Amino acid sequence: MEKHGKTFCYNFFESDHNPSIAIDELDNFFQYLVDGYSYTPKIIKFNPTPSGSIYTHAERTRAVARFIKYLISKYVTAQYYDDEPKEIIRYSDRMLKTLKIKTEGYSSLLVRRKVDESNVSQGYKSLTIEMVAAIYEIITPSSNKKRNELNPFSTIPLQWRNYLIVRILLNYGLRVGELMLLELESIKTNIRGNKYSLIIANISDDNHDSRARLPSLKTDNAHRVIDIEQHDYEFLQFYINRIRPKAKHRFVFTALKAPFSPLSYPAIYLLFKKLDDAFTKNHPTFKNTKYSDSIDKITPHVARHTWAYLTLERIYEKKYKEV
């Protein structure tokens, strides 16, 4: 491996055996493979070999991630770090969590490959761009002047709430539990008002959650910051100010009938079941198993896979055109 004319081993030694230098380069390494093994600054370089598919690039990136994990277990220890044992463990844990986050998208892409190659419809495929367009055609809310006859939900407020749920899962790859954690304070702008974010964290101590199965992130202090488009921020503000009922809790997505409970896992999966029924009725070709890219059913998990796959595909196409 080379990096700015030096081997990785040399850089690793110079960093006092700090695996984070490799973690920081992981996304650049994937782009380097997509570029067709052409060298650009700040990218770890392997000896050139013929460029393969995006799936192969993802597999090789995950292989590098496994090697980095080994480096963490080997070198983030008392033998190489002059710190208290607890501090070394915390540092190692932080590295492992960062590495896991960076490799999630590549793992999702490989799941897509395995399903496609076996042509087994298990609900884990990604949607094609045409399928996504068909979903938006169905889920777009009605207006007072024009009713969307394809929308399976009965009232305009219900349609707006469900449209936003589907849109957020498809556009930003949230898990269902993360969607359920969104509070009114989770939707923010920066000081200038030109950037918009969703802040996902565990439930605030003063926000009572009556759900039987409580959503949560994996660790108490974990949080995610997701950049969103301006129009999605405006859609969310419209929903909160005009549609969402004044509930005792501060969760964004709530039932629209008293007692206005926060949406549960079953409620969100029922939403997707109704959407899937409408999708099957209006676009049966997309469900026909004689086609390799057919879809078995639309679920929140499929929405997340779609986000991961289409995001990586856009990166691949952009870098391919630049070559």
Side-chain angles (χ1 to χ4, degrees), residues 104 108 122-127 131-132 134-142 148 150-187 198-204 207-218 222-224 226 228 232 235-236 238-240 243-245 247-281 295-308:
E104 276 184 346
S108 297
Q122 301 176 13
Y124 294 97
K125 285 187 178 182
S126 299
L127 302 165
M131 291 174 184
V132 172
I135 286 175
Y136 279 125
E137 181 184 25
I138 292 169
I139 203 72
T140 297
S142 303
N148 181 0
L150 301 178
N151 199 307
F153 303 103
S154 57
T155 66
I156 292 178
L158 193 61
Q159 290 178 6
W160 263 103
R161 185 201 68 185
N162 295 346
Y163 168 76
L164 279 174
I165 289 172
V166 173
R167 185 177 180 87
I168 289 172
L169 294 181
L170 272 174
N171 283 10
Y172 304 108
L174 272 67
R175 299 175 177 88
V176 172
E178 292 173 331
L179 181 90
M180 293 164 62
L181 284 171
L182 290 177
E183 299 176 274
L184 299 178
E185 298 82 3
S186 301
I187 306 161
L198 295 179
I199 313 297
I200 303 171
N202 281 319
I203 300 168
S204 305
N207 191 11
H208 176 66
D209 194 341
S210 60
R211 290 174 285 206
R213 181 184 171 190
L214 299 180
S216 67
L217 299 178
K218 292 183 179 180
H223 71 280
R224 290 182 66 198
I226 299 174
I228 63 174
D232 288 321
F235 283 154
L236 284 164
F238 170 79
Y239 161 77
I240 289 169
I243 295 173
R244 181 185 179 275
K248 293 181 180 180
H249 60 81
R250 299 199 307 278
F251 295 106
V252 172
F253 293 109
T254 181
L256 300 183
K257 294 182 180 179
F260 310 124
S261 302
L263 285 189
S264 63
Y265 282 99
I268 293 173
Y269 279 96
L270 179 60
L271 180 166
F272 272 83
K273 173 64 168 60
K274 291 183 177 180
L275 172 61
D276 183 63
D277 289 344
F279 185 82
T280 304
K281 177 182 177 181
I295 193 77
D296 179 49
K297 57 184 175 181
I298 299 170
T299 67
H301 197 64
V302 167
R304 180 169 166 78
H305 273 282
T306 300
W307 163 79

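Being a predicted model, the structure only gives us computed values, none of them experimental. Numbering of residues begins at 1 and proceeds along the displayed sequence.
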Any ion pair linking K281 and D277 (charged N to carboxylate O, less than 4.0 Å)?
-> no

Roughly how far apart are Y172 OH and I226 CD1, rounded to 0.5 Å?
-> 9.5 Å

Of all heavy-atom pairs between L169 and P300, which one has the smallest distance, and what is that distance?
-> CD1-CB, 4.1 Å

Please determine which of V252, L263, I168, L198 meets the side chain to side chain contact (heavy atoms under 4.5 Å, CB included) test together with L179.
-> I168

For the side chain of N162 and the backbone of F272, is there at least one donor-acceptor N/O pair under 3.5 Å apart?
-> no

Here the gap from I298 atom CD1 to T306 atom OG1, rounded to the nearest 0.5 Å, amounts to 9.0 Å

Find out whether R167 and Y136 are in side-chain contact, i.e. whether some heavy atom of one side chain is under 4.5 Å from a heavy atom of the other.
-> yes

Using the ring pair (Phe, Tyr, Trp, His ring centres under 6.0 Å) rule, take Y163 and F153 through it: C-alpha gap first, then chi angles, then the decisive distance, then the call.
-> CA-CA 10 Å; Y163 168 76; F153 303 103; over 10 Å; no

Would you indicate whether the side-chain heavy atoms of W307 and L174 approach each other to under 4.5 Å?
-> no

Distance, nearest 0.5 Å, that separates OG1 of T254 from CD1 of I240 | 11.5 Å

Rounded to the nearest 0.5 Å, how far apart are CD1 of I268 and CE of M180?
-> 5.5 Å

Are the side chains of L236 and I228 in touch, meaning some heavy atoms are under 4.5 Å apart?
-> yes

Relative to the ring of Y269, is the ring of Y265 parallel (under 30°), tilted (30 to 60°) or perpendicular (over 60°)?
-> parallel

Closest non-hydrogen atoms of L164 and F253, given as atom of the first, atom of the second and distance, are CB-CE2, 4.1 Å

Closest non-hydrogen atoms of N151 and T140, given as atom of the first, atom of the second and distance, are ND2-O, 3.3 Å

Looking at side-chain heavy atoms only, is the closest gap between R211 and H249 below 4.5 Å?
-> no

Of the non-hydrogen atoms in P245 and L256, which two are nearest, and what is the gap between them?
-> CD-CD2, 3.7 Å

Specify the closest pair of heavy atoms between D209 and P215, including all atoms of both residues, with the distance to one decimal.
-> OD2-CD, 3.6 Å

Matching residue for H301 among R304, H305, K297 - test: side chain to side chain donor-acceptor pair (under 3.5 Å) | H305

Side chains of T299 and V302 in contact at under 4.5 Å (non-hydrogen atoms) = yes

Rounded distance (nearest 0.5 Å) linking atom CG of L184 with atom CZ of F251 = 10.0 Å

Can you measure from CG (L170) to CD1 (I165) and round to the nearest 0.5 angstrom?
-> 12.0 Å

Does L181 reach the side chain of S186, with side-chain heavy atoms less than 4.5 Å apart?
-> no

